[in-house]
There are 2 protein chains.
Amino acid sequence: MGLLNERKKNILESIIKDYVETAEPVGSRAVVRRHDLKISAATVRNEMADLEEMGYLEQPHASAGRIPSEMGFRYYVDCMMERESLTDEEIEILQKILMSNIHEWDDFAVKIGEFIAQVTNYVSFIIVPSAKLTEFKYLQIIPLKEGKAVMLLVTDTGLIMHRKFEIPELIKVRDLERISKVFNRVFQDKQLKEIRRSDLQILRDDLKYRKKLIEKVLEVIDSVCEDSGSEKVVISGMLNILNEPEFKDLEKLKRVLTLLKEDALLKNIIPEEIEEDVSIKIGRENKIEDIKEMSLVLAEYRTSGETGKLGVMGPIRMEYWKAAGTVESVRSIIEDIWRIF
Amino acid sequence: MGLLNERKKNILESIIKDYVETAEPVGSRAVVRRHDLKISAATVRNEMADLEEMGYLEQPHASAGRIPSEMGFRYYVDCMMERESLTDEEIEILQKILMSNIHEWDDFAVKIGEFIAQVTNYVSFIIVPSAKLTEFKYLQIIPLKEGKAVMLLVTDTGLIMHRKFEIPELIKVRDLERISKVFNRVFQDKQLKEIRRSDLQILRDDLKYRKKLIEKVLEVIDSVCEDSGSEKVVISGMLNILNEPEFKDLEKLKRVLTLLKEDALLKNIIPEEIEEDVSIKIGRENKIEDIKEMSLVLAEYRTSGETGKLGVMGPIRMEYWKAAGTVESVRSIIEDIWRIF
DNA sequence: ATTAGCACTCAATGAAAGAGAGTGCTAACA
DNA sequence: TGTTAGCACTCTCTTTCATTGAGTGCTAAT
């Protein structure tokens, strides 16, 4: 891995830091000045020519400075980079956010996403896993007026699903209560996804006389489970990419923003598998055509059985050190919160 | 009102239509060609000079065509415009959307907002009113594991609020049931906002032995009401403004998008009062500095007691006829849906 | 191996010229 | 008196061309 000698590494790093900051090609003079090495610009030029031949740098045109290639960034990320964690101030900001009035897990995701977007200045996203595997805890059917009722379904983790539906026949409150009771007795502490498979005979026997209503209730359970069964994607800081000079081109901007707006499309761009603790995808390493000019920094978090993802998206010219450090820190924070929650 | 003679009106309309379509100043030749009147370009030029003097047109520079002034648009909107309702295809699209699996009122708002954005190509927003005034219907406290419980609160309209909270002491399931029962008996069919004011004596007498728990429950009711008590704003089609040539300027774009991103800011731009059935605010008629280059088309909808708003935001060079027609149609559709819902 | 020096390259900048669209005015016409 | 054709004039937009300057690659000296 460490194919490059110390000097080449220094030069590569210097160019990367400069380029990330300014978005301009970096010349040999700039390298010596910034890094004040005791070597001359001419020497740097020679090394830069080498680095270009090796593929780590490239030249927009003959008389410009160099910019790091994707391969150059890759080398830096793999062999040289140190992650830069959250600063104390940032942690303090986060603390405040977490202390505020948040009651739903989803709201946490939103807040944390905003936090990531704020500290990195990139687009953040958090995938909240589906809640398929929790246990059935409680069911209640509550009559409203005008032949309508609402069905509540509570799982042991405190997830609450509900749905309004029409009561198919004239039914007394006592009946609804009775049905609720039976459901509760039969399904108490069962896995939710087992419910439909499990033997419905008991119900049939017990409630034969209200067959239609039971069908309806099962249908509603079905639909409610389906809804909560899909993972959610939370995006924040989409407008941050407006600040990146590479998006002065309106067409490019539109392409990327459109991609981010469509949940369906968005899920595609996030790779299924995350190899390392923090996985970095640079430019064309991404499979989707429209983000071949962007980079992703992602991690996976685990919450009692389910796994979700979080990460940021920015230009290839990205502060990978900050992004990776932030994503890593927040990952563990999410896992902590989940434990308490 | 009808200050302008027929010919001037025709010319004004022609210029508006052309300018809205092309975003370019309109010349005298273009007017005759498009509108094929039997008058010559020179005549039109004279009329245009008049219209400019009257303030209905303006000239970006001496040798360019004319563009309608805000006053010109205002005149057109007030005295000449006919609203253009949804087409049959559009209504069909909407039908499909409304038939799909939607269970929550909020989801409807989102879908309808997307629809408006789609047919107008502007930014749409819908303000969903708070649900303060509904009646308490049902309360249930459901124990989960580890000293936690979830409180459910159902209103007669089927609105369901819930909150997880920690049970302050070791409490048996029976106790929770008992407390729920008492709450239900006492508050059945009361206005939600009366609950805290109403005489809590009954509770105290009945449940003296669980004072701490009751305090907690009241606190949760409080917090849950507060949450649902604020109106929500749903925005769609934000990216549509990327297509408007007036936003080729990145800075302007950023200002407006930022405004739209911040819910808090967004509420400010929507005027409190809506004078007519469909109210149109053109450019500087808007109070907020940042949208002085935009126009709003708004309406109010009524749903059993509460009123919400909906509308679109576009450039001053806007298809007011389409926007107004759409907003008007959708307003009545919303009111219909609400009735069924 | 490193460095100074220098010719060369190429994008970016800005001035100048030309094209094109549209106006305003004048004079003729109905 | 209202309308129209004609024409000079204005102003932007585009193209062209020269200039500038940053930065390189190469060569020769250290």
Side-chain angles (χ1 to χ4, degrees), chain A residues 4-12 14-19 21-69 72 245-246 248-249 317, chain B residues 4-12 14-19 21-69 72 245-246 248-249 317:
Chain A
L4 300 182
N5 64 38
E6 212 50 38
R7 194 166 69 187
K8 282 200 174 59
K9 280 190 183 176
N10 279 333
I11 291 171
L12 178 59
S14 189
I15 291 174
I16 286 181
K17 288 279 160 98
D18 239 42
Y19 178 64
E21 194 177 314
T22 65
E24 302 280 309
V26 184
S28 52
R29 289 186 52 81
V31 173
V32 253
R33 210 179 318 128
R34 154 177 282 263
H35 215 64
D36 49 50
L37 293 172
K38 34 201 182 320
I39 54 178
S40 77
T43 311
V44 173
R45 276 204 288 283
N46 287 329
E47 296 285 39
M48 280 163 79
D50 285 358
L51 283 167
E52 180 171 4
E53 201 171 354
M54 295 186 215
Y56 296 117
L57 295 179
E58 46 195 42
Q59 225 174 355
H61 59 267
S63 75
R66 304 295 207 297
I67 66 177
S69 67
E246 25 270 279
K248 60 187 190 310
D249 173 15
R317 181 189 60 79
Chain B
L4 300 182
N5 64 36
E6 213 50 38
R7 194 166 68 188
K8 282 202 174 59
K9 279 190 184 176
N10 279 333
I11 291 171
L12 178 59
S14 190
I15 291 175
I16 286 181
K17 288 279 160 97
D18 239 43
Y19 178 63
E21 195 176 313
T22 64
E24 302 280 307
V26 184
S28 52
R29 290 185 54 79
V31 173
V32 253
R33 210 179 319 129
R34 156 177 280 264
H35 214 62
D36 51 49
L37 294 171
K38 33 203 181 318
I39 53 177
S40 76
T43 311
V44 174
R45 275 204 287 283
N46 287 329
E47 296 285 39
M48 281 163 80
D50 284 359
L51 284 166
E52 180 171 4
E53 202 170 355
M54 295 187 215
Y56 297 117
L57 295 180
E58 44 196 43
Q59 224 174 355
H61 61 266
S63 76
R66 304 297 208 294
I67 65 177
S69 67
E246 25 270 279
K248 59 186 190 309
D249 173 16
R317 179 189 61 78

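To find a chain, count down the sequence lines: A is the first, B the second, and so on, and within it residues start at 1.
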Legend entry - Value in whole Å for how far the C1' atom of dT23(C) lies from CD1 of Ile15(B): 13 Å
Inset, instruction - Output the distance between atom CG (Leu12(B)) and atom NZ (Lys8(B)), rounded to the nearest 0.5 Å. - result: 11.0 Å
Legend entry - Closest-nucleotide 5' rank along DNA chain D - winner of Ser63(B) and Arg45(A): Ser63(B)
Inset, instruction - Name the nucleic acid region contacted by Ala64(B), choosing base, sugar-phosphate or nothing; use a 4.0 angstrom heavy-atom cut-off, strictly under. - result: sugar-phosphate
Inset, instruction - Determine whether Val31(A) and Asp18(A) make a side-chain contact, defined as any pair of heavy atoms from C-beta on separated by less than 4.5 Å. - result: no
Legend entry - Length of the CG-P vector between Asn46(B) and dA5(D), whole Å: 13 Å
Legend entry - Spacing between Leu51(A) atom CG and dT24(D) atom P, to the nearest angstrom: 13 Å
Inset, instruction - State whether a side-chain donor-acceptor pair under 3.5 Å links Arg45(B) with Ser28(B). - result: yes
Inset, instruction - Work out which heavy atom in Pro25(B) is nearest to a heavy atom in Ile67(B); give both atom names and the distance. - result: CA-CG2, 3.6 Å
Inset, instruction - Would you please confirm or rule out a distance under 4.0 Å between OP1 or OP2 of dT3(D) and any side-chain N or O of Arg7(B)? - result: yes
Inset, instruction - Can you tell me the distance, in whole Å, between the CD atom of Glu24(B) and the P atom of dT12(D)? - result: 15 Å
Inset, instruction - May I have the distance from Glu47(B) (atom CD) to dT4(D) (atom C1'), rounded to whole angstrom? - result: 13 Å
Inset, instruction - Check the distance between dG23(D)'s C1' and Arg33(A)'s CZ and give it to me in whole angstrom. - result: 12 Å
Inset, instruction - Can you tell me the distance, in whole Å, between the CD atom of Glu52(B) and the P atom of dG22(C)? - result: 15 Å
Inset, instruction - Give a yes/no on whether any side-chain N or O of Arg66(A) is located under 4.0 angstrom from OP1 or OP2 of dG25(D). - result: yes
Inset, instruction - With Arg66(B) as reference, evaluate Glu47(B), Glu24(B), Glu52(B) under the salt bridge (charged side-chain N to carboxylate O under 4.0 Å, His left out) test and give the passing residue. - result: Glu52(B)
Inset, instruction - Just call it for Ala62(A): base, sugar-phosphate, or nothing, with non-hydrogen atoms closer than 4.0 Å on any strand. - result: sugar-phosphate
Legend entry - Distance below 4.0 Å between Thr43(B) side-chain N/O and dT4(D) OP1 or OP2: yes
Inset, instruction - Figure out the CZ/C1' separation between Arg29(A) and dT3(C), and round it to whole Å. - result: 14 Å
Legend entry - Nearest-nucleotide 5' precedence on DNA chain D, Lys38(B) against His61(B): Lys38(B)
